[in-house]
Amino acid sequence: GQEFQFGPCRVEGVALQELWEAFRAMKDIVQAKDNITSVRLLRKEVLQNVSDTESCYLLRALLKFYLNTVFKNYLDKAADSRIRKSFSTLANNFFVIASKLQPSQEKEMFSISESARRRFLLFQRAFKQLDIQAAQTKAFGEVDILLTWMERFYQ
Amino acid sequence: DGVAVLPAPQNLSVQSTNMKHLLMWSPVIVPGEIIYYFVEYQGEYESLYMSHIWIPSSWCSPTECPECDITDDITATVPYKLRVRATLGSQTSAWSTLPHPFNRNSTTLTPPVMEVTKDGFHLVIKLEDLGPQFEFLVAYWRREPGAKEHVQVVRSRGIPVHLETMEPGAAYCVKVRTFVKVIGRHSPSSQAECVKVQGETLPL
Amino acid sequence: HIAEDTSDLLQHVKFQSSNFENILTWDSGPDSASDVVYSVEYKRYGEREWLAKEGCQRITWKSCNLTTETGNLTELYYARVTALSAGGQSATKMTDRFSSLQHTTIKPPDVTCIPKVRSIQMIVHPTSTPVRAGDGHRLTLEDVFPDLFYRLELQVNHTYQMHLGGKQRDYEFIGLTPDTEFLGTIMIFVPTWSKESAPYVCRVKTLPDRTWT
């Protein structure tokens with residue numbers, strides 16, 4: 001079947017097309033609310049040239065942030081039922097992926113996990129420089145950037 | 001909220017076959033009146049992170065029948081909580097919640113229905129349309145001792161498809177099972193069906 | 001000062017993308033004057049500065065080719081159009097956020113169908129795109145989409161189909177009846193992006209079998 005392979009971390013049971021379908025259903029609505037076109041949170045420095053091994057650490061940090069900070073508060077404001085259904089698909093599938101990402105915590109992996117942490121902090125710092133609501137809307141609108149990056153690890 | 005005087009729907013259960021999920025319950029009866037039901041769901045994420053959030057079902061908010069096709073609402077392989085309430089005008093019942101959360105990986109997968117025919121030397125198979133989540137693993141072999149079994153993944157649904165060009169005078173047998181990627185499970189295999197190039201479909 | 005409603009000067013500003021040819025298009029309003037000129041700017045999502053598109057400044061037609069300017073597949077873009085009427089009215093409208101990877105549609109493949117006596121050969125030709133690699137050479141669709149594959153269907157006397165498919169470019173449907181007409185359709189699929197091209201269709205007739213004549 002189809003699966004993700006983030007270095008040593010393997011994730012089954014998630015159909016990437018279903019995630020794209022869910023995001024496409026709300027993309028224009030969500031991105032239209034983000035009028036700060038001069039700021040991109042998931043910049044090249046965060047996602048480019050990430051090694052396979054590092055990808056598991058980085059994605060786990062990003063997904064946990066999305067689940068705890070971005071999605072958690074976004075839905076309260078998303079009255080539109082079309083968004084709620086798509087949101088639920090994304091959130092629950094991100095939850096499945098995050099729960100299956102168990103990167104190694106061994107000492108020799110410290111430099112790789114540290115590199116992933118620095119990349120995540122770049123993203124988090126950019127997030128914190130914005131007003132919280134604008135930051136959540138922007139991060140939510142950048143799920144397509146995250147999905148595009150995840151494509152590379154989908155087999 | 002209307003005052004809860006209507007009895008809440010009882011005996012909620014989910015019947016799931018081949019990734020089609022049907023929520024059912026016992027109807028609330030008020031003689032001479034039409035009762036409407038509202039169905040809502042919550043994935044594992046919502047129940048853990050925002051338990052006050054319930055999402056109206058795509059097709060049953062409201063519905064008159066005491067059942068609801070929730071297939072389009074179940075879009076992740078996680079446990080889903082489901083609840084139903086009845087309404088009659090401004091009267092509203094309490095919510096009834098499914099006793100155990102439903103996960104689509106518990107669906108029952110049945111052997112797929114297939115039709116094996118031939119056209120000249122062409123072995124042709126037609127498979128039922130079970131939706132985009134299904135792949136069909138078609139095994140076919142020449143009916144003779146030591147024959148090798150060939151397996152082909154067929155995705156086209158509901159259209160007769162050429163499987164193999166047969167040798168004259170030989171008999172070929174076919175069986176098929178399904179594979180559902182998002183839950184990583186196979187169905188049982190169907191019964192084998194055989195055809196002979198010049199003869200009729202042979203009973204096993 | 002009541003803002004003048006100039007929305008009828010300009011509407012439907014959007015990208016249309018096919019095989020990574022990215023064209024910006026727009027419409028004038030239903031009753032806007034014909035003496036309106038348009039100027040186009042674009043920028044990368046995340047950058048501050050808008051860049052004027054050379055060749056699309058003060059133009060009177062309603063489209064602008066931004067293929068080169070929006071050719072980086074890892075970037076997302078915005079474009080905007082400013083309409084200016086002779087009477088001094090102006091309006092500016094911006095596109096949605098655009099990613100050619102997400103938005104481009106796939107054109108039908110280019111195929112050569114070669115009939116033989118008991119088979120039909122189909123050769124799929126690679127599709128070049130305007131997207132360039134680091135060294136400047138143009139990428140094909142297969143280069144851009146690693147999971148791209150071709151799907152070939154041959155309709156046999158309206159009752160069933162023969163299917164072939166894969167990543168290679170050379171296919172042959174065998175075991176066919178001589179001197180018979182078949183309908184072939186060939187499509188491009190990119191599963192992870194849920195992209196599917198319109199079909200290339202060829203109607204061919206197998207050659208007569210002259211072995212016994």
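For clarity, every value in this text was computed on a predicted model and none was experimentally measured. Side chains included, hydrogens not; waters and symmetry mates left out as well; all remaining heavy atoms used.
For A:Arg24, the part lying near chain C is the side chain, with the backbone staying farther off; criterion is any non-hydrogen pair under 4.5 Å. Neither the backbone nor the side chain of A:Leu47 comes within less than 4.5 Å of any heavy atom in chain C. Looking at C:Glu49, there are no atoms closer than 4.5 Å to chain A (heavy atoms on both sides), in backbone or side chain. Contacts of C:Pro191 with chain A are made by both backbone and side-chain atoms, with heavy-atom separations under 4.5 Å. Only the side chain of C:Tyr78 has a heavy atom closer than 4.5 Å to any heavy atom of chain A. At a 4.5 Å heavy-atom cutoff, the contact between A:Gln48 and chain C is made by side-chain atoms alone.
Of all non-hydrogen atoms in C:Thr192 and A:Trp20, the two that sit nearest each other are O-CD1, 3.8 Å.
Taking a 6.0 Å sphere around CD1 of C:Ile174, one finds it holds 12 or fewer heavy atoms contributed by other residues, nucleotides or ligands.
How far CD1 of A:Ile145 is from OG1 of C:Thr74: 10.0 Å, rounded to the nearest 0.5 Å.
Ranked by heavy-atom pairs shorter than 4.5 Å toward chain C, the options A:Leu41, A:Leu16, A:Asp34 are led by A:Asp34.
For residues 94-110 of chain C, the interface with chain A (any heavy-atom pair closer than 4.5 Å) comprises C:Met94, C:Asp96, C:Arg97, C:Leu101, C:Gln102, C:His103, sorted by residue number.
Between A:Arg40 and C:Glu47 there is no salt bridge, since none of the side-chain N atoms of the basic residue sits less than 4.0 Å from a carboxylate O of the acidic one.
With sequence neighbours left out, C:Lys43 forms a side chain to side chain donor-acceptor pair (under 3.5 Å) with A:Thr37.
Distance alone, capped at 3.5 Å, places no donor-acceptor pair between the A:Gln17 side chain and the C:Trp193 backbone.
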